[in-house]
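For reference, the structure discussed in these notes is given below.
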Protein chains: 2
Amino acid sequence: MIGIEPLSHHELVNLPETFRLLGDPSRLRILLHCTDAPKSVTQIADDLDLSQSLVSHHLRLLRGARLVRGVRQSRHIFYRISDQHVNAFLIDMIAHIREEHCYS
Amino acid sequence: MIGIEPLSHHELVNLPETFRLLGDPSRLRILLHCTDAPKSVTQIADDLDLSQSLVSHHLRLLRGARLVRGVRQSRHIFYRISDQHVNAFLIDMIAHIREEHCYS
DNA sequence: CCAACATATGAACATGTATTCAACTGTTGA
DNA sequence: TCAACAGTTGAATACATGTTCATATGTTGG
């Protein structure tokens, strides 16, 4: 059980904010969908059966937290996971979910 | 950029739910405070300047998601982080927050 | 250049939820 | 045993936010 280093004010604000963003099912599905390969907005909307508008709203927030990064390619904007830390905590969180519940 | 394995329905429900729980500043502060060492409810309430009732409410939710684990010791119940995966994604998330923003 | 496409934005609404207050349960030291 | 302590619970409320609809911006192929 290692301790977490003291956090700056900036970090104490951004940390819960970033968790909160992933707390919405639609938004998390969008993020997870982008771990596969870069996806355009309409592609995401079609694949996940969400409105284009909603996907755009969510991507804006995900971009703001630097969880995804979009690059324009002709008419489309392809979104992908921003950095490897994002993959890392997604995998860790999935591992936690899968952890066996032991009633001691 | 590795892909995330396909998730079960159970996981697709619990994953955002767990993120959501950490999205609240008070709740996250409580969890972070428990990474240091096991803490009693009143201890947490005093240290973080939150009401005992509020801390109890939040701990109930954190327990439900197996993010913390409490053990009774005489009158007090000492809460600690549940498993190492919790520490892992906290550290990964902090690393993401600290990642330099590069405008490419 | 412009019609068609791709994405973004703003307001409005409906739902969810963090916090407080009050009361309750359970534990132990004297 | 019982008064004092530690923690839990439920209802009520004030606030936040996800989603939709309509519209706007921006880009490109023909």
Side-chain angles (χ1 to χ4, degrees), chain A residues 12-34 37-82 103, chain B residues 12-34 37-82 103:
Chain A
L12 275 176
V13 171
N14 284 358
L15 203 58
E17 174 62 18
T18 307
F19 275 118
R20 192 185 63 81
L21 287 176
L22 303 177
D24 178 69
S26 302
R27 208 152 44 212
L28 183 57
R29 284 177 70 211
I30 292 172
L31 184 69
L32 289 170
H33 200 55
C34 292
K39 303 273 167 58
S40 73
V41 179
T42 46
Q43 203 173 344
I44 295 169
D46 290 349
D47 293 350
L48 303 185
D49 198 40
L50 302 171
S51 77
Q52 196 179 66
S53 173
L54 181 58
V55 173
S56 187
H57 275 298
H58 283 318
L59 283 173
R60 176 178 165 79
L61 296 173
L62 292 174
R63 252 183 309 164
R66 300 171 11 251
L67 291 165
V68 298
R69 175 178 292 272
V71 295
R72 175 144 238 148
Q73 199 161 343
S74 109
R75 283 188 192 167
H76 297 265
I77 298 179
F78 287 91
Y79 284 92
R80 62 174 182 82
I81 293 288
S82 182
Y103 306 86
Chain B
L12 275 176
V13 171
N14 284 359
L15 202 58
E17 174 63 19
T18 308
F19 275 118
R20 192 187 63 80
L21 288 176
L22 303 177
D24 178 70
S26 300
R27 209 150 45 211
L28 183 58
R29 283 176 69 211
I30 292 172
L31 184 69
L32 290 171
H33 200 54
C34 292
K39 303 273 168 59
S40 74
V41 179
T42 47
Q43 203 173 344
I44 296 168
D46 289 348
D47 293 349
L48 303 184
D49 198 41
L50 302 171
S51 77
Q52 192 182 63
S53 175
L54 182 58
V55 173
S56 187
H57 275 296
H58 283 319
L59 283 172
R60 177 177 165 78
L61 296 174
L62 292 173
R63 252 183 308 162
R66 298 167 17 249
L67 290 165
V68 299
R69 174 177 293 271
V71 294
R72 175 144 238 147
Q73 199 161 342
S74 113
R75 283 186 193 171
H76 297 267
I77 299 179
F78 288 91
Y79 284 92
R80 62 174 181 84
I81 293 288
S82 182
Y103 306 85

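As the structure is a computational prediction, the values presented were derived from the model and not from experiment. Throughout, protein chains are lettered first and strands after them, A, B, ... in sequence-line order, and every chain is numbered starting at 1.
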**Nucleotide C:dC5, atom P - distance to NE2 of A:His76 in whole Å** = 11 Å
**Request:** Would you indicate, yes or no, if D:dT9 has its OP1 or OP2 atom less than 4.0 angstrom from a side-chain nitrogen or oxygen of B:Arg60?
**Result:** yes
**Main-chain N/O of B:Arg66 paired to B:Ser82 side chain as donor or acceptor, under 3.5 Å** = yes
**Message:** Applying side-chain contact (heavy atoms from CB on, under 4.5 Å) to A:Arg69 and A:Ile81, what does each step give before you reach the verdict?
**Reply:** CA-CA 6 Å; A:Arg69 175 178 292 272; A:Ile81 293 288; over 6 Å; no
**Asked** Once you round it to whole Å, what is the distance between P of D:dC15 and CZ of A:Arg20?
**Response** 17 Å
**Asked** In whole Å, what is the span from the CG atom of A:Leu61 to the P atom of C:dA8?
**Response** 12 Å
**Asked** Rounded to whole angstrom units, what separation is found between the CG atom of A:Leu62 and the C1' atom of D:dG18?
**Response** 13 Å
For residues 45-56 of chain B, run the donor-acceptor check on the side chains, cut-off 3.5 Å, and write out each pair with its distance to 0.1 Å, sequence neighbours left out.
from, atom 1, to, atom 2, distance (Å)
B:Asp47, OD2, B:His33, NE2, 2.9
B:Ser51, OG, B:Leu54, N, 3.0

**Request:** Would you mind reading off the distance between B:Gln52 atom CD and C:dA18 atom P, rounded to a whole angstrom?
**Result:** 20 Å
**Request:** List the atom of B:Cys34, the atom of B:Tyr79, and the distance in Å for their closest heavy-atom pair.
**Result:** SG-O, 3.8 Å
**Complete:** Taken to the nearest 0.5 Å, the spacing of A:Leu59 CG from A:Leu67 CG works out to 11.0 Å
**Taking every non-hydrogen atom, the tightest pair across A:Ala65 and A:Leu21** = CB-CD1, 3.4 Å
**Request:** Give the minimum heavy-atom separation between B:Leu12 and A:Leu32, together with the two atoms involved.
**Result:** CD2-CD1, 4.4 Å
**Asked** Reading nucleotides 19-30 of chain D from the 5' end, what letters show protein touch, with B for base, S for backbone sugar-phosphate only, - for no heavy atom under 4.0 Å?
**Response** SBBB----SBS-
**Asked** Any salt bridge (Lys or Arg N to Asp or Glu O under 4.0 Å) pairs touching residues 17-30 of chain B, not counting sequence neighbours?
**Response** B:Glu17-B:Arg20
**Request:** Ignoring backbone atoms, test whether B:Tyr79 places a side-chain nitrogen or oxygen under 4.0 Å from the OP1 or OP2 oxygen of D:dT8.
**Result:** yes
**Request:** Kindly state which residues belonging to residues 38-47 of chain A come within less than 4.0 angstrom of DNA chain C, counting heavy atoms of the residue only, listed by number.
**Result:** A:Ser40, A:Val41, A:Thr42
**Message:** Applying side-chain hydrogen bond (donor to acceptor under 3.5 Å, both in side chains), can you list everything that pairs with B:Asn14, at least two apart in sequence or on another chain?
**Reply:** B:His10
**Asked** Whole-Å distance between C:dT19 P and B:Leu59 CG?
**Response** 13 Å
